[in-house]
Protein chains: 2
Amino acid sequence: MLEARLREAALLKRLLDSIKELVTDANFECNEEGISLQAMDNSHVALVSVKLDALGFQRYRCDRPIPLGVNLASLTKVLKCAKDDDICVVKCSDDADVLNLTYEARSSDRIAEYDLKLMDIDSDTLGIPDTEYDARVTMPASEFTRIVRDLSQLGESVRIEVSKEGVRFASDGEAANGNVLLKQTESAREKYKDYGKDQEEPEPKEEGDDDDDEPKEEDDEDREEGSSKGKKKVKKEKVGGKVKKEAADDVDMDDADEDEDKEKSDDGEEEKDSDDEDSSSKKRKRPTTNGKPAKKAKKGEQGGAPADDGGVFIEMNQHVALTFSLKYLVNFSKSQTLSNTVQLMMSSDVPLLCSYKFGQGEIKYYLAPKIGEE
Amino acid sequence: MLEARLREAALLKRLLDSIKELVTDANFECNEEGISLQAMDNSHVALVSVKLDALGFQRYRCDRPIPLGVNLASLTKVLKCAKDDDICVVKCSDDADVLNLTYEARSSDRIAEYDLKLMDIDSDTLGIPDTEYDARVTMPASEFTRIVRDLSQLGESVRIEVSKEGVRFASDGEAANGNVLLKQTESAREKYKDYGKDQEEPEPKEEGDDDDDEPKEEDDEDREEGSSKGKKKVKKEKVGGKVKKEAADDVDMDDADEDEDKEKSDDGEEEKDSDDEDSSSKKRKRPTTNGKPAKKAKKGEQGGAPADDGGVFIEMNQHVALTFSLKYLVNFSKSQTLSNTVQLMMSSDVPLLCSYKFGQGEIKYYLAPKIGEE
DNA sequence: ACGTGATGAG
DNA sequence: CTCATCACGT
């Protein structure tokens with residue numbers, strides 16, 4: 001039996017808008033950790049992976065793992081029947097062949113209920129190795145959208161090159177060639193130093209704050225969800241080393257140098273942390289604040305700290321240059337409705353990972369590079 | 001070698017939006033005076049002529065005349081990659097077969113560069129005789145757009161008739177006939193008296209003012225050729241005269257004037273210098289303030305004084321009535337993004353001249369009248 | 001989120 | 001050739 005209560009139907013709507021063009025049918029895999037989905041796009045070139053953390057729901061219950069095979073076009077239709085701010089409850093009995101969606105107006109004076117027929121879908125859930133990437137670019141999702149859209153007018157593919165200079169997107173076409181160079185923004189360095197790290201944050205909390213859709217409000221201050229003192233504290237302890245650094249630079253993140261170490265340590269770290277603590281409790285993550293969902297995007301940015309206006313942050317072990325199909329990148333960029341920030345991770349000869357993190361989870365796209373030079 | 005730096009890419013974007021449906025390929029003729037373009041529309045019925053004055057650029061350099069043959073659809077695509085407020089630098093080496101466009105974000109942390117392939121185009125640059133027109137109507141561009149769009153729903157063509165009564169646009173269609181009569185607005189008389197005059201500012205410059213497209217102005221006050229000294233100075237005086245009248249009836253008008261002045265100063269910093277002494281320098285014209293470009297369009301209009309909201313000004317030597325294809329006029333009216341004011345000039349049996357003047361230049365459309373009565 | 005334009009299907 | 005659906009841009 002699955003029952004998940006989402007504070008705003010909008011999240012699901014946006015999520016489906018993000019993937020429905022890429023994938024027609026997919027299994028939503030539900031288990032006690034949350035709901036995830038993984039699917040190849042229709043032409044088997046790209047892979048999309050979505051995770052919705054159980055903690056991101058106002059209420060979440062899943063007795064035993066179940067795959068929910070749905071036709072995404074149908075689900076989209078059903079979701080269109082929800083208002084953005086409706087409370088959405090998704091239910092499914094263990095034996096049922098339908099998925100039940102209930103939309104409850106905030107005022108509670110309207111309740112709509114839909115049953116979506118489920119289908120059997122071959123789940124070709126392939127494990128994705130946790131790659132260590134040579135380069136990671138953290139940038140405003142809108143900027144990414146703009147660039148790939150612009151360049152897609154000129155040509156079919158784009159060469160993305162990360163170097164000390166910055167990140168360059170270049171495309172050649174019949175009528176014109178173009179390239180866009182984004183330099184690293186100094187302020188972005190501070191801002192994104194820990195982006196994505198805290199997403200695996202164990203919380204000492206039960207799920208009390210369930211409805212905090214966006215605990216992040218004050219994050220500008222210390223970029224993540226510095227919500228309550230308590231929380232923060234905990235976090236600090238746990239994350240320990242990493243956080244400590246932040247604390248140190250609270251003043252104003254002086255340090256640029258630290259970033260990299262941190263970066264690295266994080267990747268491994270998060271897992272570790274989780275392990276330690278998660279094992280005990282079942283909630284192992286806290287929906288983080290990282291990418292601000294578009295919905296609440298507008299937030300004041302204080303003085304020198306660029307909040308969401310963006311800025312580009314580049315982490316690089318090694319110069320990387322890969323070529324990708326723009327068509328897919330344009331498709332990926334639709335997820336900007338889910339987060340204001342996108343991360344591109346690349347290493348030579350392995351698929352690009354394009355990730356949008358949002359409060360309740362994350363959507364990741366993988367796309368293999370084109371081989372010959374194009 | 002050509003290098004032109006434009007403060008806002010928006011100007012070029014709008015310019016291309018204006019003509020791209022009319023013309024597919026065209027030569028941008030660059031010389032030290034600026035950039036101009038002249039082309040017949042695809043069906044050789046209309047002619048479009050664009051001038052961008054060298055002084056309208058933040059920086060302009062063109063060592064020797066070069067024609068840049070471009071496909072306008074391609075150029076449009078490339079321009080779509082610019083944000084409106086990007087600084088746009090257009091470059092072309094003498095021998096190059098590409099036109100280089102660079103977009104620099106104001107913040108400078110994003111630099112995009114595009115190379116547009118050039119092509120050879122038969123330049124059928126035909127000289128257009130400087131006609132003396134029997135009637136000239138100066139009116140708000142938005143009004144013109146509205147009228148031709150409205151009438152185009154009824155019929156194919158419109159009869160434009162200028163008489164003492166005003167200007168009448170009439171169209172007959174299967175289902176309905178319609179006509180719109182615009183009477184002259186008193187305030188417009190003052191306002192537009194000199195519209196378009198000062199753009200032909202004779203300069204004590206070597207090559208003389210040859211390129212003046214409309215020498216006929218002089219009927220109003222003499223203003224123009226007097227400019228011996230600083231052109232701006234001259235202009236000011238000029239405007240002064242005009243304004244004076246306005247002042248007489250209306251305090252408000254002063255404001256309008258100020259706006260205009262301001263407008264000018266905005267256009268480029270060089271202007272200031274010009275004020276003091278430009279006779280020495282090479283600029284022979286002042287980008288005029290006449291039609292306010294849409295970009296700055298929104299300006300407060302005080303009380304009773306119509307600032308830019310328009311008013312219709314009619315100059316007529318003789319009653320004129322001609323019939324034109326609405327399809328083309330609708331197309332011409334797209335230039336309202338470039339200027340808030342349009343001028344229609346007509347004489348019996350010669351092509352209509354439809355002109356939009358803006359800060360850096362002017363766009364003119366010519367359209368032959370239909371012969372039989374339609 | 002809405003409106004407009006473009007593309008594919010009947 | 002017309003209608004409907006989908007996608008993109010404002």
Side-chain angles (χ1 to χ4, degrees), chain A residues 7-26 41-43 46 48 71-86 88 103 105-106 110 112 140-156 158 171 213 292-298 325-340 342 356 358 363 365, chain B residues 8-10 12-14 16-18 20-22 73 76-86 103 112 142 145-146 149-150 152-153 294-295 297-298 327 330-331 333-334 336-338:
Chain A
R7 208 188 37 104
E8 285 191 334
L11 175 70
L12 278 183
K13 298 177 73 165
R14 294 201 195 97
L15 193 55
L16 266 105
D17 282 344
S18 292
I19 62 178
K20 69 161 189 280
E21 276 177 54
L22 223 43
V23 181
T24 55
D25 304 295
D41 85 292
N42 296 328
S43 45
V48 56
N71 173 276
L72 298 189
S74 304
L75 178 53
T76 302
K77 281 184 186 167
V78 170
L79 284 171
K80 285 218 175 103
C81 304
K83 295 182 71 176
D84 272 8
D85 60 351
D86 280 351
C88 173
Y103 309 137
R106 297 202 139 205
R110 188 180 65 94
S142 57
E143 186 99 57
F144 179 64
T145 302
R146 178 70 200 251
I147 290 171
V148 296
R149 238 205 252 135
D150 282 354
L151 294 182
S152 69
Q153 293 189 112
L154 304 183
E156 300 273 292
V158 62
S171 189
D213 347 319
K292 276 85 173 286
K295 42 179 161 176
K296 303 236 176 152
K298 236 69 235 200
S325 159
L326 276 164
K327 178 184 149 208
Y328 287 96
L329 298 184
V330 168
N331 232 308
F332 300 169
S333 72
K334 288 186 182 147
S335 289
Q336 91 171 269
T337 52
L338 291 165
S339 171
N340 290 334
V342 61
Y356 291 83
F358 48 92
I363 181 165
Y365 300 95
Chain B
E8 287 191 332
L12 277 182
K13 297 177 74 164
R14 295 201 193 95
L16 265 106
D17 282 344
S18 292
K20 69 162 187 278
E21 276 179 50
L22 222 45
T76 302
K77 279 184 184 172
V78 169
L79 285 171
K80 283 215 177 105
C81 302
K83 296 178 76 171
D84 271 8
D85 60 351
D86 280 349
Y103 309 136
S142 57
T145 301
R146 179 67 202 256
R149 264 184 38 228
D150 285 353
S152 70
Q153 298 193 46
K295 42 180 160 176
K298 233 69 235 192
K327 176 183 149 208
V330 168
N331 232 311
S333 72
K334 287 184 183 153
Q336 89 169 274
T337 52
L338 291 164

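In the text below, chain A, chain B and the rest are named by the order of the sequence lines, each starting its count at 1. For the numbers below, each heavy atom of this structure counts, side chains included, while hydrogens, waters and symmetry mates do not.
The distance between atom CD of Gln153(A) and atom P of dA6(C), rounded to the nearest whole Å, is 14 Å. Between the CZ atom of Arg149(A) and the P atom of dC8(D) there is a distance of 8 Å, given to the nearest Å. Atom P of nucleotide dT10(D) and atom NZ of Lys83(B) are separated by 13 Å, given to the nearest angstrom. Regarding Asp17(A), its CG atom lies at a distance of 15 Å from the C1' atom of dG9(D), rounded to whole Å. Taking atom CZ on Arg14(A) and atom P on dA7(D), their separation rounds to 18 Å, with Å as the unit. In this structure, NZ of Lys77(B) is placed 15 Å from C1' of dC8(D), rounded to the nearest angstrom. Protein atom CG of Asn331(A) is 13 Å distant from nucleotide atom C1' of dC8(D), rounded to whole Å. One interatomic measurement links the two molecules: CG of Asp84(B) to C1' of dG9(D), which rounds to 13 Å at whole-angstrom precision.
A salt bridge links Asp86(A) and Arg110(A); the closest N-O separation between the charged side-chain nitrogens and carboxylate oxygens is under 4.0 Å. Using a 4.0 Å cut-off between charged nitrogen and carboxylate oxygen, Asp84(B) and Lys13(B) count as a salt-bridge pair.
Within 6.0 Å of CZ in Arg146(B) there are 12 or fewer heavy atoms belonging to other residues, nucleotides or ligands.
Taking the six-membered ring where tryptophan is involved, the planes of Tyr365(A) and Tyr356(A) are perpendicular, since the angle between them exceeds 60° and thus also 30°.
Residue contacts shown for Lys80(A) are absent, as no nucleic acid heavy atom lies under 4.0 Å away.
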